[in-house]
Protein chains: 4
Amino acid sequence: MVAAAIDVIAETGYHQASFAKIAERAGLSSTGMISYHFDGRDDLMREVVAEVMRVAEAYVRPRIEAHESAPARLRASIESNLDLLAEYPNHLPAIVEVLTNLRGGDPGMDSFLDKTEADLALQVERIREAQRAGEFCDFDPWVMVRAIRAAVDDVVRRATLEPDFDARRAGRELADLFDRATRNRNTT
Amino acid sequence: MVAAAIDVIAETGYHQASFAKIAERAGLSSTGMISYHFDGRDDLMREVVAEVMRVAEAYVRPRIEAHESAPARLRASIESNLDLLAEYPNHLPAIVEVLTNLRGGDPGMDSFLDKTEADLALQVERIREAQRAGEFCDFDPWVMVRAIRAAVDDVVRRATLEPDFDARRAGRELADLFDRATRNRNTT
Amino acid sequence: MVAAAIDVIAETGYHQASFAKIAERAGLSSTGMISYHFDGRDDLMREVVAEVMRVAEAYVRPRIEAHESAPARLRASIESNLDLLAEYPNHLPAIVEVLTNLRGGDPGMDSFLDKTEADLALQVERIREAQRAGEFCDFDPWVMVRAIRAAVDDVVRRATLEPDFDARRAGRELADLFDRATRNRNTT
Amino acid sequence: MVAAAIDVIAETGYHQASFAKIAERAGLSSTGMISYHFDGRDDLMREVVAEVMRVAEAYVRPRIEAHESAPARLRASIESNLDLLAEYPNHLPAIVEVLTNLRGGDPGMDSFLDKTEADLALQVERIREAQRAGEFCDFDPWVMVRAIRAAVDDVVRRATLEPDFDARRAGRELADLFDRATRNRNTT
DNA sequence: CATGAATGAGCGTTCATTCAT
DNA sequence: AATGAATGAACGCTCATTCAT
């Protein structure tokens, strides 16, 4: 059922992903079951986000940790996300849809915004260390981290809208782009 | 009425911007008038997008054309967008909301996606020229152009969600970021 | 629409009185209109209670005030309620249904419980005066007042369930009953 | 399970007493068992009523029969009901809830209305005998019997809504009240 | 006995839309 | 231009019920 939700969200968007569509996709004959299993729409979305985060972390983390240097890790981070997209075409689009349509005020969903924020904070910290170590040049790590996320998410979105779009190629290009943007000038 | 729509979309999001809320904001007592003036929700959204594009172009274009070199124009493009955001706090958030929630299949809205696409294509062309002139290093201009747009839009979104967020500062940082990304050569 | 609600409540009971049934009775083709005009089910019920109270007070009060002595007023109170029932067969049944199915915790409905309570408190005060004046014997006025109300409401309920039931006759009997109960002294 | 139903009905009301709540109260993890054991909601309610009637009769009858005179029996009837309420706080509230929310047309439930009716008819007969014997004055015994029932039920309802309400005191007051209402005038 | 998934009907609500005024 | 009543569809949700396990 969470899987069905992921598919429907990815294909039709957050707000169009009604219980009716999800139920149909899941092979259910009515929406009642969804309300039975989940404590409302938000709860289902929570599960969707949690599931995707679980899968994404399991996929991405080892690919990042396979590298030592900060630039290599940055590249791995970007590219592995888009590799994941190739493998699970609906997971990242779904979570992007959900998180992008979240507004403050949904209590309970805030926890995911917080989690996402904590995630970014961790990357920010790593970047700061790399900057101190001279691996990265000087820039605001928060802005950088959000720009990377935004660019990757945009590729994800694009991939769902244009089936022929080569997300992995774009991933490599993005990795190059942000490599230059973070690279220490001396190395030019 | 379009102004009311812009405000409501920016404040509550694309899907929450019901005719009822827009009518209330516009000082109307019923939604009937909106249906009367616009040929459905999509038509209203079209007007919203058109209006914002008009304002944005009038604001941004001269600020870009005030500069000669490609890097300076790029910087002006990014920073003037976020200056515009400071001046009209709801225009860009509204259009970002609308365009990111657009799915293919809305006939009539596709024209705006096309327009946006044409816009990007123009920038791509300019970048290609600059690359030929040696002002920019070698990279895929489409990926670059979309990454920039995604990063700027992310700042726009962020500014609506966090009132204390300093969008112009982030704009300057983004300009620096993409300046490096368009000038440096990859060293790997 | 309130009138339709009164009819449906009286005929089918509080909880069976769904918007669908009320809409049908009101000649509406969907329940949407009711939600449009009233701010939820509770709001409609509030209007129902308010309307019935308005009608009932206009009917009953002058008939009570036409008499001077406390016993005569008590009789008038009981009998005029059941005369009202004969004239508007659904009003009292509806309000009895609503108030009897009210539970504490419905905020906004509490105001009606308070109003009903205030009503009884007024009657209690009048009884106390009559007792001091020697018109009534000694008894707990609160218990008396609630017993009267309960007995009258029971007749009201009965009248809706059994079309042949002679409510006015029962009213006269009740008046006799409570006349004795308020005049006699206990001999035990 | 019937016990759980009694509790839930008494605490939340007839219509709010869903199988889900009852199952939870009974320590069951699903409503399936209830549907399995009882032939529908009405059947469960029947059992509830039957159980309460059984308990109530066992409690009340000996307390009535301990007295000889009709007035003493009447008093015992009223007071023992409210004594029972003190001992089993949920039984009478539950049956009151069920019976007052019963509408004609529920076949099978009618039998309980009939049983209740027969109960009252029995009391009516006893009253007639007492009237013939000069123990009670002249009044319509049906009206009297229903008024007593209504007043007692009202106290029962009140006791569940207001925890601090002293039902037994009210019972004594009611007994006095109906004693005066039934007393032969000559004895004044 | 008990569970838990599944069903189908009904509920109140919101929405865009229409139309007479 | 504007109002306000009305419509019909969709939505999320609860409920009693069924059934395989």
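Proteins get letters first, then strands, A, B, ... in listed order; numbering begins at 1 in each.
Under the salt bridge (charged side-chain N to carboxylate O under 4.0 Å, His left out) criterion, no residue pair touches residues 13-22 of chain B, with sequence neighbours excluded. Evaluation of the ring-ring contact (aromatic ring centres under 6.0 Å, His included) test over residues 18-54 of chain D, restricted to residues two or more places apart or in two chains, returns none.
For C:Phe38 and E:dT14, the CZ to P distance is 14 Å, given to the nearest whole Å. Whole-Å rounding puts the D:Met45 CE to F:dA16 C1' distance at 12 Å. Atom OH in D:Tyr14 sits about 14 Å away from atom P in F:dC15, given to the nearest Å. Protein atom CD1 of B:Ile34 is 14 Å distant from nucleotide atom P of F:dG4, rounded to whole Å. Between B:Ile22 atom CD1 and E:dT17 atom C1' the separation is 14 Å, expressed in whole Å. When the C1' atom of F:dC11 is taken as reference, atom CG of A:Asp42 falls 14 Å away, rounded to whole Å.
Put simply, the side chain of D:Arg103 does not reach to within 4.5 Å of the side chain of C:Thr12, judged on heavy atoms. Within the 4.5 Å cutoff, no side-chain heavy atoms of A:Val156 are placed close to those of A:Ile95. Under the 4.5 Å side-chain criterion, counting only non-hydrogen atoms from C-beta, A:Leu99 is in contact with A:Leu102.
A salt bridge is absent between C:Arg157 and C:Glu97: the closest approach of a Lys/Arg side-chain nitrogen to an acidic carboxylate oxygen does not fall below 4.0 angstrom.
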Counting Watson-Crick and G-U wobble pairs with both distances under 3.5 Å, what is the dot-bracket string for DNA chain F, 5' to 3', using [ ] for crossing pairs and | for pairs to another strand?
.||||||||||||||||||||

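Partners of C:Phe112 under the ring pair (Phe, Tyr, Trp, His ring centres under 6.0 Å) rule, at least two apart in sequence or in another chain, do not exist in this structure. Residues passing the ring pair (Phe, Tyr, Trp, His ring centres under 6.0 Å) test with D:His15 are C:His15, sequence neighbours excluded.
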Across nucleotides 5-12 of chain E, 5' to 3', mark each nucleotide with B, S or - according to how protein heavy atoms within less than 4.0 Å reach it.
BBBB--SS

